[in-house]
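Since the structure comes first, as structure tokens, the remarks are kept for the end.
Given the structure is predicted, the values throughout are model-derived calculations rather than measurements.
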Amino acid sequence: MTKPRLGIALGSGSARGWAHIGVLRVLQEAGLEPDVVCGTSIGTFVGAAYASGNLDKLENWARSLGRRDVLGFFDVGLGGGLIKGEKLLDFAAATFLDNDFADLERAFACVATDLASGREIWLRQGSVAAAVRASIALPGLFSPQLLDERFLVDGGLVNPVPVSLCRVLDADVVIAVDLGMDILTTLQRRSGKPAPPGGGWRKAVGRWFGRGESKPSRPSLPDVVINSIAIMQGRISRSRLAGEPADVLITPRLGHLNLLDYHRADEAIDAGRTATKHMLPLLRSLLD
């Protein structure tokens, strides 16, 4: 009998996506590295670095980020998004993602959304950096990416955890990493409170500059955009996973992290490691 082809679907979740690094590390240590890697949004970012053999570089960089480093990558613009993203993507392209799909060490694909039609777009060829830029273009925050004469935005709008794409790439056993499961639970616990879910943009910025906790206030525009998308993606992922179930579902506990807490990689990576270790017995049973 041939060995089952293992795939992993790395889901959307902005800064919480550093948990994917912890997931992949545990799989490496267990000798269960995926043959197929698919990603959406931040899952695309981490998945591309992994598929190109640059996970070590990405992890070291993510763990080194401070609050001011994160702000330095957020170049403000008004052309389709509050954050243009060129600084971050230019750095990432030169450091982790300077590849073509054909040159990657393992099968890789990612999801974006056609802004004009709403169609789910699967990216599997050409520049990896351009595909990542399209897949992480969170509407209202990052500017859309023009690719093949289409403006593309975050794939999490249509397929937050791309199990279906792993199946298309002939994965026999699929691991899904859903970063939104714990988020919905956290939002429900906080319902009725005046503070924005997840800590809010203003509170996060206050922490970055050492101003301490701010008083509850009306949510800002970034608060509304970020948390509304998090809720929407959480609901969509539950629906799609019900219709396209994975063989193993990993759900790191990340409700305490804000979507822009990129400087808290240590916590996210640890959450990914912990959640994956719990699922190793089931995964081994499916591969034996």
Side-chain angles (χ1 to χ4, degrees), residues 1-13 15-63 96-97 99 101 104-111 128 132 135 159-182 237 241 244-254 257 264-288:
M1 295 180 63
T2 58
K3 178 183 176 182
R5 186 171 164 86
L6 179 62
I8 189 166
L10 303 175
S12 60
R16 293 160 181 153
W18 294 146
H20 292 315
I21 298 174
V23 173
L24 292 168
R25 285 301 190 200
V26 170
L27 294 177
Q28 282 183 326
E29 293 162 6
L32 302 173
E33 295 199 55
D35 305 292
V36 174
V37 181
C38 296
T40 294
S41 194
I42 188 67
T44 297
F45 191 98
V46 177
Y50 175 67
S52 61
N54 288 319
L55 189 63
D56 288 345
K57 288 183 180 179
L58 176 61
E59 180 175 357
N60 292 336
W61 175 71
R63 289 186 183 275
F96 321 118
L97 310 175
N99 301 89
F101 276 81
L104 298 177
E105 295 180 358
R106 62 195 73 229
F108 174 71
C110 61
V111 179
V128 172
V132 170
S135 185
N159 195 352
V161 187
V163 173
S164 56
L165 186 50
C166 282
R167 302 288 189 197
V168 167
L169 296 183
D170 298 324
D172 300 306
V173 175
V174 176
I175 304 167
V177 186
D178 185 355
L179 305 178
M181 197 72 72
D182 190 47
S237 66
L241 287 171
E244 302 163 346
D247 300 288
V248 176
L249 178 61
I250 297 174
T251 57
R253 303 198 64 175
L254 300 164
L257 295 182
R264 299 173 70 182
D266 290 348
E267 297 172 63
I269 292 170
D270 287 346
R273 291 185 66 92
T274 299
T276 307
K277 287 178 180 178
H278 287 311
M279 302 307 294
L280 280 180
L282 174 58
L283 180 57
R284 290 187 187 279
S285 71
L286 294 172
L287 296 175
D288 289 341

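- Annotation: side chain of Leu179 is in contact with side chain of Ile42 (closest heavy-atom distance under 4.5 Å).
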>> Using the rule given for salt bridge (Lys or Arg N to Asp or Glu O under 4.0 Å), can you reason through Arg273 versus Glu29, listing the C-alpha separation, both sets of side-chain angles and the distance that settles it, and then say yes or no?
In response: CA-CA 11 Å; Arg273 291 185 66 92; Glu29 293 162 6; 2.8 Å; yes

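- In this structure the side chain of Val173 reaches within 4.5 angstrom of the side chain of Leu283, judged on heavy atoms.
- When side chains are defined from C-beta on, Val248 counts as touching Leu286, because their heavy atoms get closer than 4.5 Å.
- Cys38 is not listed as a side-chain neighbour of Ile8, based on a closest heavy-atom distance of 4.5 Å or more.
- No side-chain heavy atom of Asp178 sits less than 4.5 Å from a side-chain heavy atom of Ile250.
- Panel note: side chain Thr40, backbone Gly11; no donor-acceptor pair is recorded below 3.5 Å.
- Counting heavy atoms from C-beta outward, Ile175 and Leu27 have side chains that approach closer than 4.5 Å.
- A salt bridge is absent between Arg25 and Glu33; no separation between the charged side-chain nitrogens and carboxylate oxygens falls under 4.0 Å.
- Side-chain contact annotation: Thr44 with Ser135, donor-acceptor N/O pair under 3.5 Å present.
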>> Walk me through whether Arg167 and Asp247 qualify under salt bridge (Lys or Arg N to Asp or Glu O under 4.0 Å).
In response: CA-CA 11 Å; Arg167 302 288 189 197; Asp247 300 288; 3.2 Å; yes

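- Under a cutoff of 6.0 Å and an axis angle of 45°, Arg106 and Tyr50 form a cation-pi pair.
- Side-chain contact check for Asp170 versus Val36: every heavy-atom pair is 4.5 Å or farther apart.
- Taking the six-membered ring where the residue is Trp, Trp18 and Phe45 present perpendicular rings, their angle passing 60° and hence far from 30°.
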